[in-house]
Amino acid sequence: MSNQTGTEPFEYDAKSIQRKWQPVWDELAPFDSGRPDDPRPKKYVLDMFPYPSGDLHMGHAEAYALGDVVARYWVQRGYNVMHPIGWDAFGLPAENAAIKRGLDPREWTYANIEQQRTSMRNYACSFDWKRTLRTCDEEYYRWNQWLFLRMFEKGLAYRKDSWVNWCPKDETVLANEQVVQGRCERCDTLVTKKKLTQWYFKITDYADRLLDGLEDLRGNWPDRVLSMQRNWIGRSVGADVDFQIEGREEPVTVYTTRPDTLYGATFMVLAPDTELAQELAEDAGAETLQAFTEYLEQVKAQTEIARESTDHEKTGVFLNQYAINPVNGERLPIYAADYVLSDHGHGAIMAVPAHDQRDLDFARKFHLPIRVVVDSDEPDPAESGVAVPGDGVLINSGPLDGLHKEEAFQKAIEVLEQRGTGRAAKNYRLRDWLISRQRYWGTPIPIIHCEHCGLVPVPDDQLPVRLPASAGLDLQPKGTSPLGAAEDWVNVPCPKCGAPARRDPDTMDTFVDSSWYYLRFVSPHDDAAPFDPELAAQWLPVDQYVGGVTHAILHLLYARFITKVLHDLGKIDFEEPFTRLLNQGMVLMDGSAMSKSRGNLVRLSDELEAVGVDAVRLTMAFAGPPEDDIDWADVSPTGSAKFLARAWRLAQEVFSPAGVDPALGNRALRVQTHRFLHDIPEIIEGFRFNVAVARLMELVNTTRKALDDPSIGATDPAVREAVEAITIVLSLFAPYTAEDMWQVLGYEPSVSLAGLPDCDPTLLMEHTVTAVVQVNGKVRGRLEVPRNIAEDELREGAAKLPGVVQAIGDRQIVKCIVRAPKIVNFVIAR
RNA sequence: GCGGGAGUGGUGAAAUUGGUAGACACGCAGGAUUUAGGUUCCUGUGCCAUGCGCGCGUGCGGGUUCGAGUCCCGUCUCCCGCACCA
């Protein structure tokens with residue numbers, strides 16, 4: 001970067017500028033927020049807090065660069081901005097790394113946090129350093145326990161025995177959300193199922209509100225995230241229908257989204273791994289039972305291996321039993337088949353082969369009848385093998401005949417409700433949130449197991465339940481929590497009856513920690529409450545959340561859920577935590593995600609060393625729309641560095657005193673400066689950071705020309721005005737460079753607090769514009785005209801342009817469209 | 001299959017009420033400065049034709065309009081999420 005010939009008068013040296021300003025900012029703390037007397041309106045800008053698994057990487061660099069633009073922008077607009085940072089410090093990676101290195105997870109975590117903190121300061125993140133938090137601090141996690149207890153009281157935290165996802169490598173249970181295509185989200189191991197008693201949060205109680213709440217976020221959250229959440233919750237609307245079974249007391253209830261096709265049901269299918277299937281098989285006699293048992297074994301063996309297979313050849317076994325269709329009394333043979341899942345709906349379906357592809361596949365294989373009940377133009381499914389799911393007119397359906405799908409849907413439910421054999425119902429893909437983990441490095445669950453009293457909550461005044469020191473504990477994954485072996489810790493008297501009892505040895509999923517941390521920032525060291533209610537009322541909700549799309553489902557869904565819970569507990573008065581969300585893309589290298597194994601890792605520290613902090617930040621902002629991925633191979637950090645040097649040199653050459661009246665300056669340059677100032681807010685608020693940088697570059701180029709133009713020159717006040725505007729806006733992207741320029745321009749630090757200059761509307765109005773003149777829609781000439789030119793005048797001027805005259809020739813002008821002052825279009829006969 | 005999004009130069013991308021397509025950069029080419037390289041500065045750069053341009057051009061095909069990257073209909077491709085979810 002540096003000029004080694006020494007012939008240039010000024011040198012831009014990113015490193016020395018960084019060294020120069022960091023201590024000044026530490027002293028000034030320009031981003032401290034929350035002085036009680038601060039009259040500025042509030043703005044809460046939050047970056048997703050990092051996991052301290054090492055030093056910052058390119059992904060952090062992008063996220064924090066973009067979040068910083070937003071935070072710094074609102075400061076420049078005169079807001080009291082709270083922009084805090086913390087560490088999501090509990091969790092498996094820390095524990096695994098600690099085991100590998102033979103360290104205490106605590107030591108390893110805190111060391112990483114310190115390293116990240118140093119890197120963030122160097123990276124000029126505009127965080128309020130008085131408001132940091134670490135989720136592994138007991139002053140933080142005690143409030144996880146507090147939250148757990150409140151939820152326990154409300155029945156929202158409960159234990160149940162069920163088949164859970166199990167990662168054999170990490171030896172711990174996983175939430176549904178942590179299983180990606182049958183594999184552990186973290187270590188990619190094939191997930192297995194294990195029957196265990198675990199703690200759950202009852203997120204399904206909030207399914208409707210979580211889904212409906214997405215409507216309010218439309219426009220302020222990326223469509224992609226809204227759609228992912230919608231999919232994840234997976235609400236479907238339909239009906240529960242009760243079917244009597246021959247020779248059996250209790251009916252079987254099935255869930256269907258197509259009650260309109262009830263008359264088209266020709267058989268029933270149960271999930272093989274249900275008690276009902278087992279019972280029916282037993283009741284049907286030895287032969288059936290044997291066939292069923294064999295099938296069940298086959299299904300169980302297959303699940304783990306064939307999980308991923310894409311073609312699902314239908315299999316199943318007849319249970320030799322019949323159900324009665326409640327609307328027409330028909331006998332429906334009952335099968336057990338693995339295409340019906342035990343954990344969806346009631347684990348049983350009515351099969352309508354004509355109108356459902358899966359049922360049709362099964363019916364064709366087992367030679368079951370196929371009855372069309374929705375008449376459409378499609379070919380007969382029994383012939384074509386293609387089910388007809390679309391609309392049509394109902395036939396063969398008794399009272400539903402002649403109705404369309406939608407009407408029949410409603411009517412069928414009415415009929416069922418009248419007869420008491422069914423009712424409208426909803427179903428969700430969403431499952432309750434499994435929060436217990438059999439690992440050490442997390443928040444202890446504040447429950448004591450007493451032989452006499454059962455599950456006893458730890459009284460609030462005994463919180464926190466401290467995590468015991470790891471010394472002497474075996475942290476190796478082994479399927480049970482290491483805390484169970486901490487005898488001094490685990491054995492306690494029951495808080496209720498005083499008898500010897502044991503603490504729950506599990507720890508909480510770290511997503512519990514991150515589901516409410518945004519609230520803690522308003523009073524990070526409060527020891528009376530998780531957050532100060534008054535401060536929360538003042539600051540919340542978060543106005544702008546910034547983070548990666550990797551958290552589109554997990555973290556954001558959990559945080560929305562916990563927010564609604566806290567709302568219902570009367571602790572806060574809003575239901576959505578994050579008003580606006582910006583999801584930045586990923587930083588790639590040569591088209592794919594960076595990884596050591598792929599050998600395409602770009603180290604942030606190397607980039608910072610090569611071009612400096614500001615150039616890296618600027619590159620992140622300029623690369624393209626923030627939500628798009630950045631391929632580091634496609635961008636030019638050195639190009640950014642060159643631009644910064646150009647801008648910086650501009651400031652060195654300004655030769656008019658600070659405070660000079662810009663009104664005396666060059667008009668053309670002033671016009672461009674003020675158009676720039678006018679457009680910047682709209683551009684930044686629309687997250688079009690790349691455009692903002694382009695506009696900065698444009699203004700730098702123009703100002704350079706003005707400066708070098710002898711008729712304008714370094715003493716022109718308009719040059720100073722332009723450079724000041726550049727400096728202030730540049731401070732959003734390249735704070736070190738801008739700070740240095742600000743000083744050269746004769747001001748005290750910090751430029752971050754300078755404020756965006758007002759733009760002068762008269763300068764926006766006065767300048768001339770280029771009118772485009774078209775003939776038959778093709779551009780044939782241009783005309784410099786005043787902004788307020790009259791239509792007639794513009795038309796006459798346009799008609800005289802040589803290019804236009806030539807294009808028209810002797811043909812007749814049929815029509816002339818004039819939109820002053822921008823365009824004239826002559827329509828001529830062809 | 002369901003849901004969401006996107007297709008614009010060699011590359012990243014602009015064009016936010018239908019009105020100059022390709023701003024701003026990267027790359028490349030040429031030139032100035034330099035012993036040389038780098039830096040810095042200047043010029044050029046959508047495609048085709050380049051002796052000429054009422055020539056072509058925003059995935060493709062239609063339509064509306066004086067005028068379409070933008071609106072409408074159809075179609076293809078790609079990316080993301082969910083998926084034997086009844």
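The structure presented is a predicted model; accordingly, all values stated were derived computationally and were not measured. Lettering follows sequence order; numbering is per chain, from 1.
Within a 6.0 Å radius of CD in A/E682, other residues, nucleotides and ligands contribute 12 heavy atoms or fewer. The 12-atom threshold is exceeded at NE2 of A/H344, counting heavy atoms of other residues, nucleotides or ligands nearer than 6.0 Å.
The stretch residues 814-828 of chain A participates, sequence neighbours left out, in no side chain to side chain donor-acceptor pair (under 3.5 Å) pair at all.
Of the listed nucleotides (B/A23, B/C82, B/G4), B/C82 has the atom at the smallest distance from the side chain of A/R429. Closest to the A/V772 side chain, of the nucleotides B/U20, B/A86, B/A23, is B/U20. The side chain of A/V827 has B/C66 as its nearest neighbour among B/C66, B/G19, B/A13.
Using a 4.0 Å heavy-atom criterion, one finds that A/N427 contacts no nucleic acid atom at all. Here A/R782 lies in heavy-atom contact (under 4.0 Å) with a base. Among the protein residues, A/D628 comes within range of the sugar-phosphate backbone only, with heavy atoms under 4.0 Å from sugar or phosphate atoms but none that close to a base. Residue-level contact check: A/E698 touches the backbone only, with heavy atoms under 4.0 Å from sugar-phosphate atoms and none from bases. If you check every strand for non-hydrogen atoms under 4.0 Å, A/N825 touches a base. Counting any heavy atom pair closer than 4.0 Å across all strands shown, A/V254 reaches no nucleic acid atom.
A donor-acceptor pair shorter than 3.5 Å can be found between the side chains of A/T204 and A/D432. No side-chain N or O of A/N325 forms a donor-acceptor pair with one of A/Y263 less than 3.5 Å apart.
Taking the six-membered ring for Trp and thresholds of 30 and 60 degrees, A/F366 and A/F362 have nearly parallel ring planes, at less than 30 degrees apart.
A salt bridge does not link A/D13 to A/K15: none of the charged side-chain nitrogens sits closer than 4.0 Å to a carboxylate oxygen. For the pair A/D679 and A/R688, the salt-bridge criterion is not met [side-chain N within less than 4.0 Å of a carboxylate O].
Applying the 4.0 Å criterion to OP1 and OP2 of B/A14, one finds that A/R688 has every side-chain N and O outside that range.
Taking a pair as Watson-Crick or G-U wobble with both distances under 3.5 Å, RNA chain B forms stems of 3 or more consecutive pairs at B:1-7 with B:76-82, B:10-12 with B:24-26, B:27-32 with B:40-45, B:59-63 with B:71-75.
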Heavy-atom protein contacts under 4.0 Å, nucleotides 68-73 of chain B, coded B base, S sugar-phosphate only, - none = ------

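At a cut-off of 3.5 angstrom, counting only N and O atoms as typed in the model, there is a donor on one side and an acceptor on the other between the side-chain of A/K314 and the base of B/C84.
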